[in-house]
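Have a look at the structure below, then the notes.
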Amino acid sequence: MSEHQTGSTNQPQPVSPAWINVERARHPQRPYPMNFIERICTDFSEIHGDRAFGDDEALACGMARLDGEEVMVLGVRKGGLLKERIRRNFGMPSPEGYRKAMRCMKIAEKFGRPVISFIDLPGAYPGVGAEERGQAEAIARNILEMSRLRVPTIAVITGEGGSGGALALAVSDRVLIMTNAIYSVISPEQCAVIMWRDAAQKELAAAALKITASEVSALGCVDEIITEPAEGAHTDPVTGIGMLGSALARHLAELKKIPIDELVAARQHKFRNIAQYYTEG
């Protein structure tokens, strides 16, 4: 039987646009959150520990200056070499990381400092120890407290924004996403396993999840798409980081002009109404 008759082919199958986006968001040379913080901000002074269990090395928090303005910054740390990546749980925070983040946000609130979070993580750490120490509660607590934090807040999805692990750092007045970043409720691989019992269907899952910047923007999940070099920020990090820095300064200036009561009310209204669908009957 001929190849045409069997339907088989030796030609590689085309890669879906959504999966190309996933690969760019995960590119190993793509700037990590700490690269953005180090280039955009000055005088970064890190704060360690959650004062309950320990210090999560997957998440860095500290005071810094953005265009001379004192801010609190949060940045996911993935690590470079394999040993460092393992130590940082491949950028997946544990409960103590989220509690450290909330501790720092409360410090920022006390001193009237805006909070800026730089997010690039596949999800919260799923280990047994993390669950035993209250991973779900820590994430839920952050979502609750961020919704009523009485300072301007900005979140930026710089690479991969995965599940509740990302949302626990992203309940903000302005949520920005870079052009080649992704924002989803689950990773394409995990979705494929659940829906088709086959991780190889990850490209199909990526397209179905609608996780690209333009798609999540259409759903109202983000407030602005930050332009980056067409093939990805890793091709021209200086330009990509500079574009984000300018956008952050602009949004921060706008938020500071809004009375805090209006800011908190608008934030809560936004997240209550994101991606709502109504059906009749």
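Keep in mind it's a predicted model, so treat the numbers as computed, not measured.
- The CE atom of M102 sits 11.5 Å away from atom CD1 of I107, with the distance rounded to the nearest 0.5 Å.
- In this structure, the side chain of E262 does not engage the main chain of P259 through any donor-acceptor pair within 3.5 Å.
- Between V71 and R113, the closest side-chain pair of non-hydrogen atoms is not below 4.5 Å.
- Between I211 and S184, the shortest heavy-atom contact is CG2-CB, 3.1 Å.
- The shortest side-chain heavy-atom distance between C41 and I116 does not fall under the 4.5 Å cut-off.
- Heavy atoms only, all atoms of each residue included: P122 and G91 are closest at CD-O, 4.3 Å.
- Here the closest non-hydrogen pair linking A206 and W19 is CB-CE3, 4.0 Å.
- Looking at N142, its side chain does come within 3.5 Å of a backbone N or O of Y98 through a donor-acceptor pair.
- The line from CD of E215 to NZ of K210 is 5.0 Å long, rounded to the nearest 0.5 Å.
- Checking side-chain atoms of D56 against main-chain N and O of S94 turns up a donor-acceptor pair under 3.5 Å.
- Taking hydrophobic clusters as Ile, Leu, Val, Met, Phe, Trp and Tyr residues chained together by side-chain heavy-atom distances below 4.5 Å, V171 does not share a cluster with L144.
- Grouping Ile, Leu, Val, Met, Phe, Trp and Tyr by side-chain contacts under 4.5 Å, direct or through others, puts I86 with L82, F90, M92, Y125.
- I182 approaches A25 most closely through the heavy-atom pair CG1-CB, 4.0 Å.
- Rounded to the nearest 0.5 angstrom, H269 NE2 and S147 OG are separated by 14.0 Å.
- Taking CD1 from I177 and CD1 from I225, the interatomic distance works out to 7.0 Å, rounded to the nearest 0.5 Å.
- Using a 4.0 Å cut-off between charged nitrogen and carboxylate oxygen, R77 and E84 do not count as a salt-bridge pair.
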Start with the C-alpha gap between I157 and V216, add the side-chain angles, then the distance that decides, and say whether side-chain contact (heavy atoms from CB on, under 4.5 Å) holds. CA-CA 11 Å; I157 313 299; V216 294; over 6 Å; no
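- With salt bridges taken as basic N to acidic carboxylate O contacts below 4.0 Å, none links E96 and R99.
- Counting heavy-atom neighbours within 6.0 Å of R85 CZ, excluding the residue itself, gives a total above 12.
- By the rule that hydrophobic residues join a cluster once side-chain heavy atoms approach within less than 4.5 Å of another member, V115 and L263 end up as members of separate clusters.
- Judged by distance alone, the side chain of E228 and the main-chain N or O of N180 form a donor-acceptor pair under 3.5 Å.
- Between N35 and F118, the closest side-chain pair of non-hydrogen atoms is not below 4.5 Å.
- With respect to the salt-bridge test (charged N to carboxylate O, under 4.0 angstrom), the residues E145 and R148 qualify.
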Let me see the working for E160 and R26 under side-chain contact (heavy atoms from CB on, under 4.5 Å), right down to the final yes or no. CA-CA 7 Å; E160 188 173 9; R26 294 175 175 174; 3.2 Å; yes
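- Remark: side-chain polar atoms of R88 are paired, donor with acceptor, to backbone N or O of E57 under 3.5 angstrom.
- Counting only heavy atoms from C-beta outward, the side chains of Q201 and M195 never approach each other to under 4.5 Å.
- Here the straight-line distance linking atom CG of D120 with atom CG of L169 works out to 12.0 Å at 0.5 Å rounding.
- Under the 4.5 Å side-chain heavy-atom criterion for Ile, Leu, Val, Met, Phe, Trp and Tyr, I154 and L66 are members of the same hydrophobic cluster.
- The 12-atom threshold is exceeded at CZ of R87, counting heavy atoms of other residues, nucleotides or ligands nearer than 6.0 Å.
- Residues C61 and L74 are in side-chain contact: their nearest non-hydrogen atoms beyond the backbone lie under 4.5 Å apart.
- Atom NZ of K270 has more than 12 heavy atoms from other residues, nucleotides or ligands within 6.0 Å.
- Checking side-chain atoms of E109 against main-chain N and O of M105 turns up no donor-acceptor pair under 3.5 Å.
- Within the 4.5 Å cutoff, the side chain of L176 has heavy atoms near those of the L248 side chain.
- Between I139 and L167 there is no side-chain heavy-atom pair separated by less than 4.5 Å.
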Between S163 and I186, is the side-chain contact (heavy atoms from CB on, under 4.5 Å) condition met? List the steps. CA-CA 5 Å; S163 192; I186 191 172; 5.8 Å; no
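- V76 and V175 fall within the same hydrophobic cluster, where Ile, Leu, Val, Met, Phe, Trp and Tyr residues are linked whenever their side-chain heavy atoms come under 4.5 Å apart, directly or through other members.
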Residue pair I47, M72: steps toward the side-chain contact (heavy atoms from CB on, under 4.5 Å) verdict: CA-CA 10 Å; I47 299 172; M72 178 68 74; 3.9 Å; yes
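- The side-chain tip of R133 points at the ring of F53 from less than 6.0 angstrom away and within 45° of straight on.
- Shown here for G161 and I119, the closest heavy-atom pair between the two residues is CA-CG2, 4.4 Å.
- Remark: the backbone N or O of G245 is not paired with any side-chain donor or acceptor of R39 at under 3.5 angstrom.
- The backbone N or O of L59 lies less than 3.5 Å from a partner atom in the side chain of K100, making a donor-acceptor pair.
- Applying side-chain contact (heavy atoms from CB on, under 4.5 Å) to S172 and the options V156, T153, D223, L255 leaves one that passes, T153.
- Closest heavy-atom contact between A205 and A192: CB-N, 4.0 Å.
- A distance-only check finds no donor-acceptor pair linking the side chain of K256 to the backbone of P152 [under 3.5 Å].
- Counting only heavy atoms from C-beta outward, the side chains of D67 and L252 never approach each other to under 4.5 Å.
- Following chains of ILVMFWY side-chain contacts shorter than 4.5 Å, one cannot reach M243 starting from Y32, and the two form parts of different hydrophobic clusters.
- The closest donor-acceptor contact from the side chain of R267 to the backbone of L149 lies under 3.5 Å.
- Atoms CZ and CE, from R24 and M178 in turn, are 13.0 Å apart once rounded to the nearest 0.5 Å.
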